[in-house]
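Presented below is the structure to which this report refers.
All values reported here derive from a predicted model rather than from experimental measurement. Proteins come first, then strands; the chains are lettered A, B, ... in the order of their sequence lines, and each starts at number 1.
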Number of protein chains: 2
Amino acid sequence: MVTVKEIAAAAGVSPSVVSAVLHGSRHVRMSEATRALVLAKVEELGYTTNFAARSLRTARSGVLAVVAPKLSNPVFTPMLDGIHDAAEERGYVIMLAEAMRLVDGSRMLERILGHGQVDGTILRPNADLDSTGVRSVLQREAPVVVLDEVPDRAQPWLAIDDAGAARVATEHLLELGHTRIGFLGGWLGPHATFRPREGFRHINLRRLDGYQAALRAAGIEPRDEDVIESDYAASAGRAAVERLVALRDRPTAFVVNNATTSVGVVAGAIAAGLRVPDDLAVVAIHDIDVLADVTPTISAVRMPMYELGHAGATLLAQAIEGETISSHVLTSPPPELRRRETT
Amino acid sequence: MVTVKEIAAAAGVSPSVVSAVLHGSRHVRMSEATRALVLAKVEELGYTTNFAARSLRTARSGVLAVVAPKLSNPVFTPMLDGIHDAAEERGYVIMLAEAMRLVDGSRMLERILGHGQVDGTILRPNADLDSTGVRSVLQREAPVVVLDEVPDRAQPWLAIDDAGAARVATEHLLELGHTRIGFLGGWLGPHATFRPREGFRHINLRRLDGYQAALRAAGIEPRDEDVIESDYAASAGRAAVERLVALRDRPTAFVVNNATTSVGVVAGAIAAGLRVPDDLAVVAIHDIDVLADVTPTISAVRMPMYELGHAGATLLAQAIEGETISSHVLTSPPPELRRRETT
DNA sequence: CTGAAAGCGCTTACAG
DNA sequence: CTGAAAGCGCTTACAG
């Protein structure tokens, strides 16, 4: 490989000058002719920076780690796109670990988060990422920005307005005249192992809060039996609906906590002979492309996942670069209702 | 940070011994007591390897780059999972670039593929990744494994049996008694800019080959007008069906070249008042979760994308480690029909 | 203003 | 068998 030293020799200058030309550093000033000559030699000899050497010297790698549960969940792809774009804007590249794919005793996380490898980490934790896994990430000395949850420690975090999203969904159903509205999907209890900071609640609990607040604001007392827990698979939504139709007394509409689950809920309702939306109305939290493509199309609250990823990566870059940053709930854009055929 | 030198001092040995203990190197042999002492000091002082230094010294980074068009396409997530798992098994980590998200003049690709940054690259090209982008990847001196396409140059590649998948789909429709079968989706002409090696054809053309071969084997001459090009969006499938119903003379079944498109095709057929599968039968190439969740559920040929990613990353690791490798079409598992309600 | 020299932390070929 | 020393390629504080 061509090195700085070789470029320097070819151009008849010192390595310092080559380095300065390459970085536009103003510390070392050189004539325009020298600059042009160095650049010509760089081109001619095909010099490219050795990033390992630069990292060692500067103690900066220019790499951000992204640790997320599972990319096959379509809810996360816009978030990853946002991280990707923000990283590119700021000159970083991305290293990836899907936490739920890491087998027991995996060294991949250590390998990625190891000293000198990445400048910081974006962590989107989830209930299945056990606390030791989360803790190992949070204990790194490199900055960590936590998305979607509010950590116990001093790490910066960024969340979206989950309570607001559930409120928007519930209010939409209230406006349509529903008075018996259920909340379906996600684990609310012991499976939510991530321990948030005092005074904050787990993502699913925040959504439950928004749902209940909207009901109460309409003068309706929330019922515990209308809250149905499940995992996020479409089959879980389907199974929940099948149990539901056996009941005489049941909600006429559901806020479904997850886009994938909502596809199963609608399929289950149709299979059970219910008309959608007449017999059962559905609004999903999280909009994904396929909701606008299926029959019937599914109403959803669009969550700013792209923006969350973009803002999170930007926040991380700022933390790495020593700027002061502030954790907060993203308020713009707000969760947005997209009404379709299921309401 | 704690360094090898500090561990050496604390344990009263030389850095060589610490390095040897850390790597189980047999070149330097030490007593069990020394080994234990070094390990104890590593634990006590919290030593972690500085990967930048190791990379500089060994000229190996332990990082694989993954360059793919767009992760929001659910067809690619299992492939990424396969790459992820194979990387983990072999002790590598992954760096990611979504080629279609890279803005013009982006330096991200250079930054990732730069010298010293990654040991090799897995490239899944596509029609939208223009040839200069592809070429810049293919010209790296670090090994590149091309997935799903057969490159022009000497790079190793790995593909799946696209012709076979289209054949399986077409034969299924033939067995059901259809004699007028169309092929819908994907660009077959000028948009397929990736120039494959002599004697090989672009992925969509390979599928077209399989479709036509199955028809001919059944004594049916393929008709050009039954091949409908489009992009991969569901809306494109929908639009294609809307045009179709205006025709008196039309196919009674379609092989749809893409899972997402098939969702649109089915939605479009229902919207146009066609009964599925009676008036129009549909088989998608590529199976994704949602096809089993929608109403009606959509028949599909499952492509071994996970296996493609896994085998591709394994091949790349082997190339990096100097093993001899051979490019080939993955034959196991073969494309597998999953019959559902649209046929 | 410019260049020589040091040093980031690691691994390994080499001398003892 | 063990340790001291060199050197990967870069950047930057420092001497001239």
Side-chain angles (χ1 to χ4, degrees), chain A residues 1-38 41-42 45-63 91 110-111 114-119 141-142, chain B residues 1-38 41-42 45-63 91 110-111 114-119 141-142:
Chain A
M1 282 312 296
V2 185
T3 66
V4 162
K5 215 161 128 190
E6 288 167 330
I7 298 294
V13 298
S14 79
S16 328
V17 173
V18 175
S19 185
V21 168
L22 254 23
H23 299 98
S25 156
R26 308 189 309 107
H27 178 72
V28 175
R29 292 182 68 89
M30 72 297 296
S31 69
E32 194 46 50
T34 306
R35 226 183 73 85
L37 179 61
V38 167
K41 291 298 174 189
V42 163
L45 303 178
Y47 170 81
T48 56
T49 304
N50 181 317
F51 288 100
R54 177 184 288 174
S55 293
L56 177 59
R57 180 59 230 239
T58 62
R60 280 286 176 80
S61 66
V63 182
E110 283 174 41
R111 183 73 184 65
H115 163 209
Q117 188 80 277
V118 302
D119 292 342
E141 58 191 316
Chain B
M1 280 315 295
V2 184
T3 66
V4 163
K5 217 162 125 188
E6 289 168 328
I7 298 294
V13 298
S14 78
S16 328
V17 173
V18 174
S19 186
V21 169
L22 255 22
H23 298 98
S25 156
R26 308 189 311 106
H27 177 72
V28 175
R29 290 181 67 89
M30 71 298 294
S31 69
E32 194 45 51
T34 305
R35 227 183 72 86
L37 179 61
V38 167
K41 290 298 173 187
V42 163
L45 302 178
Y47 170 80
T48 56
T49 304
N50 182 317
F51 288 101
R54 176 183 289 174
S55 294
L56 176 59
R57 180 59 227 240
T58 62
R60 281 286 175 79
S61 67
V63 182
E110 283 174 42
R111 182 73 184 66
H115 162 210
Q117 189 78 279
V118 302
D119 291 343
E141 58 190 318

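Taken to the nearest 0.5 Å, the OG1 atom of Thr49(B) stands 6.0 Å off from the NE2 atom of His23(B). To the nearest 0.5 angstrom, Asn50(A) atom CG is 9.5 Å from Arg54(A) atom CZ.
Separating the P atom of dA13(C) from that of dC10(D) is a span of 22 Å, rounded to the nearest Å.
In terms of phosphate contacts, Ser19(A) brings no side-chain nitrogen or oxygen within less than 4.0 Å of OP1 or OP2 of dC10(D).
Contacts of Glu110(A) classified as salt bridge (Lys or Arg N to Asp or Glu O under 4.0 Å), with partners at least two apart in sequence or in another chain: Arg107(A). In terms of the side chain to side chain contact (heavy atoms under 4.5 Å, CB included) criterion, residue partners of Val42(A) (sequence neighbours excluded) are, by chain and number, Ile7(A), Leu22(A), Val38(A), Tyr47(A). Judged as a salt bridge (Lys or Arg N to Asp or Glu O under 4.0 Å), and not counting sequence neighbours, the contacts of Glu32(A) are Arg35(A). Listed by chain and residue number, Phe51(A), Val93(A), Gln117(B) satisfy the side chain to side chain contact (heavy atoms under 4.5 Å, CB included) test with Arg111(B) (two or more places apart in sequence, or in another chain).
Atom C1' of nucleotide dT11(D) and atom CD1 of Ile7(A) are separated by 16 Å, given to the nearest angstrom. Atom NE2 in His23(B) sits about 9 Å away from atom C1' in dC10(C), given to the nearest Å.
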- Base-pairing string, 5' to 3', of DNA chain C - Watson-Crick or wobble, under 3.5 Å, | interstrand: |||.||||||||.|||
Atom pairs under 3.5 Å: protein N/O with N/O of nucleotides 6-9 of chain C:
{"from": "dG7(C)", "atom 1": "N2", "to": "Arg57(A)", "atom 2": "NH1", "distance (Å)": "3.2"}
{"from": "dG9(C)", "atom 1": "N2", "to": "Ala53(B)", "atom 2": "O", "distance (Å)": "3.4"}

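A pairwise comparison of heavy atoms in Ser61(A) and Gly116(A) identifies CB-O, 3.8 Å as the closest pair. Residue Leu45(B) comes nearest to Glu6(B) through the heavy atom pair CD1-O, 4.5 Å, listed as atom of the first residue, atom of the second, then distance.
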